[in-house]
Amino acid sequence: MFAAPDAVSTWLKSTAAEFEARIDELDGLDAAIGDGDHGTNMARGLATAATIAPAPGTTTRQYLNQVGMALVSSVGGASGPLYGTFFLRVGQLWQSPHTVSSIWQALKAGRDGIASRGRAKAGDKTMLDALCPAIQVLEHAAMERDEDAATTLTRAAAAAQAGAEATRGMRARRGRAAHFGERSVGHLDPGAVSMAMILDSASRHLI
Ligand code: ADP
Ligand code: MG
C-alpha cells in the first residue's frame with residue numbers, strides 16, 4: 001500500500017499518459033456529436049494535473065483539490081468544470097488507506113457533484129453513464145462487506161466500460177451533443193468513454 005497521496009497521484013499520472021495516447025480517438029468521438037475537442041481537452045487537463053507533485057505532508061484531499069483546480073483552469077470545454085468538480089468532491093471524502101466502502105462514498109460524492117453542476121442524470125448520455133454503473137458495483141460490494149478492493153475495482157471498471165458502450169443507444173440530453181437530438185443516437189458519448197478510462201486506470205493503480 002502506498003502512503004497517501006502517492007497511489008492517487010500514480011493513478012492520475014498513468015491516466016494522463018493514456019489520454020495522451022488516445023487524443024485522436026476521443027476527438028473523433030466528439031467530432032461526431034460535438035466540436036471534436038474532448039481528447040485534446042482531457043489530455044491537456046490531465047497533463048497539467050500530472051505536473052502537480054504532492055509535497056511531503058500533503059493529504060490526498062489537498063492533492064485532489066489541486067487536481068480539480070488544475071482541470072477547471074486548463075480545460076476550456078464543459079468537461080473541465082465537470083471533472084474538476086468530480087475530483088474535488090472525490091477528494092473531500094477520500095480516505096487513506098482506502099477501502100471498497102470509502103471509494104464508493106468518494107465516487108458517489110463525485111457523481112453528485114457532476115449531476116448538480118451539469119444538471120444531468122443517468123441516461124442523459126454523459127460521463128455519468130459510465131460512472132453510475134461503476135458506483136453500483138462498489139455499492140453492492142460494500143453492502144456485502146466484500147472488501148477486496150482490487151477485484152471490486154476491476155468489476156467496477158468493466159461496468160463503467162459497459163456503461164460507456166451503452167451510451168451509443170442513448171439520445172443526448174445535456175451538453176453540446178443535446179443539440180444533435182435524435183442524430184446523437186448511434187454514437188458513443190466521449191465523456192462516458194473518458195470516465196471509463198479514468199476508472200479503468202483506477203482499477204490498475206488504486207490497489
Ligand atoms: P465541450 O462539450 O464543451 O466541447 P468536452 O468536449 O470536453 O466539452 O466534453 C464533452 C463531454 O462532457 C460530453 O461527452 C459529456 O460526457 C460531458 N458533458 C457535457 N455536458 C454535460 C452535462 N451538463 N452534464 C454532465 N456531463 C456533461
Ligand atoms: Mg467538445
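Ligands are counted one by one from 1 in listed order, and the atoms in each one are counted from 1 as well. Only heavy atoms go into these numbers, but all of them, side chains included; no hydrogens, no water, no symmetry mates. In this text the structure is predicted, and so the values were computed from the model without any measurement.
- Residue-ligand proximity, Gly77 to ligand 1, at heavy-atom distances under 4.0 Å covers atoms 3 (O), 8 (O).
- Using a 4.0 Å cutoff on heavy atoms, Gly34 does not count as a contact of ligand 1.
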Steps toward side chain to side chain donor-acceptor pair (under 3.5 Å) verdict (Gln66, Gln62) = CA-CA 6 Å; Gln66 291 170 354; Gln62 289 165 336; over 6 Å; no
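- Close contacts between ligand 1 and Asp30 involve ligand atoms 6 (O) [criterion: under 4.0 Å to a heavy atom].
- Closest to atom 19 (C) of ligand 1 among all protein heavy atoms lies Gly175 CA, 3.9 Å.
- Nearest protein heavy-atom neighbour of atom 24 (N) of ligand 1: Ala120 CB, 3.4 Å.
- At the shortest separation from atom 3 (O) of ligand 1 among protein heavy atoms lies Ala78 N, 2.7 Å.
- Atoms of the protein (N, O or S only) found under 2.8 Å from the Mg ion (ligand 2) are Asp30 OD2, Asp35 OD1, Asp37 OD1.
- Taking the side chain as every heavy atom from C-beta outward, Ser102 and Trp94 never approach each other to under 4.5 Å.
- Ligand 1 lies nowhere less than 4.0 angstrom from a heavy atom belonging to Leu128.
- Leu88 and Ile198 are not part of a single hydrophobic cluster, where members link through side-chain heavy atoms under 4.5 Å apart.
- Residue Asp35 approaches ligand 1 through these ligand atoms, each under 4.0 Å from one of its heavy atoms: 4 (O).
- Within a 6.0 Å sphere centred on CZ of Arg117, heavy atoms belonging to other residues, nucleotides or ligands number 12 at most.
- Listed by atom number, the atoms of ligand 1 under 4.0 Å from Gly118 heavy atoms are 22 (C), 23 (N), 24 (N).
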Output, in order, the C-alpha distance, side-chain angles, deciding distance and verdict of side-chain contact (heavy atoms from CB on, under 4.5 Å) for Leu64 and Leu12.
-> CA-CA 10 Å; Leu64 284 172; Leu12 294 180; 4.0 Å; yes
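- Counting heavy atoms only, Leu82 comes closest to atom 27 (C) of ligand 1 of the residues Asp124, Val75, Leu82.
- Taking the charged nitrogens against the carboxylate oxygens, Glu20 and Arg44 have no contact shorter than 4.0 Å, which rules out a salt bridge.
- Salt-bridge formation is not detected for the pair Asp112/Arg89: no Lys NZ or Arg NE/NH1/NH2 atom is positioned less than 4.0 Å from an Asp or Glu carboxylate oxygen.
- A side-chain donor from one of Ser14 and His205 sits under 3.5 Å from a side-chain acceptor of the other.
- Residue Thr58 holds its OG1 atom at 11.5 Å from CG of Asn65, rounded to the nearest 0.5 Å.
- Of the protein's non-hydrogen atoms, Asp189 OD1, 2.6 Å is the one closest to atom 14 (O) of ligand 1.
- Between Asp6 and Lys13, no side-chain nitrogen of the basic residue sits less than 4.0 Å from a carboxylate oxygen of the acidic one, so the salt-bridge criterion is not met.
- Close approach to Arg176 involves these atoms of ligand 1, each under 4.0 Å from a residue heavy atom: 1 (P), 2 (O), 3 (O), 4 (O).
- For the side chain to side chain contact (heavy atoms under 4.5 Å, CB included) with Leu153, the lone residue among Leu206, Asp148, Leu199, Asp200 that qualifies is Leu206.
- Close approach of ligand 1 to Asp37 is summarised as follows: ligand atoms under 4.0 Å from at least one heavy atom of the residue are 4 (O), 5 (P), 6 (O).
- Each of the atoms 5 (P), 6 (O), 7 (O), 9 (O), 10 (C) of ligand 1 lies under 4.0 Å from some heavy atom of His38.
- Using a 4.0 Å cut-off between charged nitrogen and carboxylate oxygen, Lys125 and Asp129 do not count as a salt-bridge pair.
- Annotation for Gln95: atom CD does not count as buried by contact number, only 12 or fewer foreign heavy atoms lying within 6.0 Å.
- Ligand 1 has Met127 within reach: a non-hydrogen atom of the residue lies less than 4.0 Å from it.
- Regarding atom 7 (O) of ligand 1, its nearest protein heavy-atom neighbour is Ser79 OG, 2.6 Å.
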Show your reasoning for whether side-chain contact (heavy atoms from CB on, under 4.5 Å) applies to Tyr83 and Met42.
-> CA-CA 9 Å; Tyr83 273 118; Met42 294 303 290; 3.3 Å; yes
